[in-house]
Amino acid sequence: MPDIKQVLNEEIRRLARKELKNSLAPLVNQLNDQKRLVAELKKEIAQLKKALPKEEITAGDTVDNGTDENIGKLRLSASGIVKIRKKLGLTQGKFADLLGVSGHTVSLWEVGKVSPRANVKSAICALRTIGKKEFKQRLAALDSKSENQ
């Protein structure tokens, strides 16, 4: 004959597991719904990121590039200047000519020893949004101006 103590313990465990499963079922369903919602939101975020224009936006860029009073608030790091220059395929000298500064000044910006002044900062920020074709047109216009003078 089986031990009554063991039989009772097994029956109590079985009933406890059954009760626990029944009480947790709604929570498990809610958790699965939340996981599906998170997956859908991640997909939507990925689609929205793809739809954004290809600009280099830093976390501190909350101001419009065109307003004069906010130009000083634009954040432009040394690595950001290097990225813009390399994206356009320019040497430091050509980049300096485009902005109307010396090549040494661009070198100091990229090292991080000096930061650009407000008027040059706005010009650099404007270069963020242009593509290579538009940039080549501007550079050609700049070269033709310098040849005419």
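- Taking both residues in full, the closest heavy atoms of W109 and A78 are given as O-CB, 3.2 Å, listed atom of the first, atom of the second, then distance.
- Contact detail for P116 and L76: the closest heavy-atom pair is CG-CD2, 4.2 Å.
- Here the CD-CD1 distance, from E11 to I4, works out to 12.0 Å after rounding to the nearest 0.5 Å.
- The NZ atom of K86 sits 13.5 Å away from the CD1 atom of I81 when rounded to the nearest 0.5 Å.
- Using a 4.5 Å cut-off on side-chain heavy atoms (C-beta onward), K21 and R17 make no contact.
- For the atom pair NZ of K49 and CD of E44, the computed distance is 12.5 Å after rounding to the nearest 0.5 Å.
- Looking only at side-chain heavy atoms (C-beta outward), V101 and F95 stay at 4.5 Å or farther from each other.
- A continuous path of Ile, Leu, Val, Met, Phe, Trp and Tyr side chains, each step under 4.5 Å between heavy atoms, connects L108 with V120, placing both in one hydrophobic cluster.
- To the nearest 0.5 Å, atom CZ of residue R117 and atom OG1 of residue T105 are 9.0 Å apart.
- Considering only heavy atoms from C-beta on, R85 stays 4.5 Å or farther from K94 through its side chain.
- Summarising the geometry, atom CD belonging to E110 is positioned 10.0 Å from atom OG belonging to S79; distances are rounded to the nearest 0.5 Å.
- Tested against K35 for a side-chain contact (heavy atoms from CB on, under 4.5 Å), the candidates L37, V38, L31, D33 yield a single pass: L31.
- The two residues N22 and P26 make their nearest non-hydrogen contact at O-CD, 3.7 Å.
- Residues I84 and I124 are in side-chain contact: their nearest non-hydrogen atoms beyond the backbone lie under 4.5 Å apart.
- Going from atom CG of L8 over to atom CD of E10 covers 9.5 Å, rounded to the nearest 0.5 Å.
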